[in-house]
Amino acid sequence: IGAFSFSTYGQVAERTKFSNKNSIQVEAFGHGLFYSINYERVILNGERLKTTVQAGLSYYPPKYGFRDFWIPLEMNELLSFNKHHIELGAGYVVIREALRNSEYKAQSWIWDGFISGRIGYRYQSQKGRYIFKYINNEELQEFKNRFTDVNDAFFNLEFRAAKGSA
């Protein structure tokens, strides 16, 4: 009669799926030009790849001279390495602008928009409720090219903090 015994050792892999699939995000220098408030939802939550969709809103009073409403819509793909993620995305920024008289009263409204894209770094733990991003996006360059006389290229950064929920 014989007995066999053996032991195996292994590492327990850190869970890389997000436990919080919804987040409200406050963004600076991103899709909404200087600021926007966004809702993001994780729709595919794999171990390595995650897909998110988001929609936001930004409003500028007439006295600032910008287009009134910015509505960024986007789909992003995240390549995950535990708490560190590479983020790639594409979307469309809808803009609503009032044509105003000299007293800033709206005479009529027009709709406009442009395609947006992003590539960047995202820090988010799987169970954490906060997201920090460092993103290159094209919205500020597009705005600068379309609505100002300055056409030189520059690198745009987006800083975002968010609080998530399940």
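This structure is a prediction, so every number in the text was calculated from the model and none was measured.
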Quick check: do [X] and [Y] have side-chain heavy atoms less than 4.5 Å from each other?
{"X": "M75", "Y": "I43", "answer": "yes"}
{"X": "R41", "Y": "K21", "answer": "yes"}
{"X": "R96", "Y": "W109", "answer": "yes"}
{"X": "V94", "Y": "L73", "answer": "yes"}
{"X": "P72", "Y": "Q54", "answer": "no"}

| message | Treating S58 as the side-chain partner and W70 as the backbone partner, does any N or O pair qualify as donor plus acceptor under 3.5 Å? | response | no
| said: If hydrophobic clusters are built from ILVMFWY residues whose side chains come within less than 4.5 Å, do V53 and L78 share one? | reply: no
| task | Look at the side-chain heavy atoms of Ile, Leu, Val, Met, Phe, Trp and Tyr, link any pair under 4.5 Å apart, and say whether W111 and I95 land in one connected group. | result | yes
Which heavy atom of [X] sits nearest to which heavy atom of [Y], and what is that distance?
{"X": "A90", "Y": "N76", "result": "N-OD1, 4.4 Å"}
{"X": "F18", "Y": "N45", "result": "O-ND2, 2.7 Å"}
{"X": "S116", "Y": "Y92", "result": "OG-N, 3.8 Å"}
{"X": "S36", "Y": "E27", "result": "OG-OE1, 2.6 Å"}

| query | So how far is it from T52 OG1 to Y39 OH, rounded to the nearest 0.5 Å? | reply | 11.0 Å
| query | Out of curiosity, L57 CG to N38 CG, how far, rounded to the nearest 0.5 Å? | reply | 9.0 Å
| With sequence neighbours left out, what residues match Y59 under ring-ring contact (aromatic ring centres under 6.0 Å, His included)? | F69
| Y121 ring center near H85 ring center (under 6.0 Å) | no
| said: What verdict does the salt bridge (Lys or Arg N to Asp or Glu O under 4.0 Å) test give for R118 and E87, after you've listed the backbone C-alpha separation in whole Å, the side-chain angles of each residue and the deciding distance to 0.1 Å? | reply: CA-CA 8 Å; R118 73 169 56 209; E87 184 170 334; 3.3 Å; yes
| field | Transitive ILVMFWY cluster of I86, excluding itself - 4.5 Å side-chain cut-off | value | L49, L79, F81
| said: Go through it in stages, so that I can follow the logic: the residues are R122 and E40, the test is salt bridge (Lys or Arg N to Asp or Glu O under 4.0 Å), and I'd like the CA-CA distance, side-chain angles, deciding distance and then a yes or no. | reply: CA-CA 14 Å; R122 174 178 183 149; E40 182 179 67; 2.7 Å; yes
| said: Could you work out, with side-chain contact (heavy atoms from CB on, under 4.5 Å) as the rule, every residue matching S125, not counting sequence neighbours? | reply: K83
| Name of the residue among K50, Q124, K17, E47 meeting side-chain hydrogen bond (donor to acceptor under 3.5 Å, both in side chains) with S80 | K50
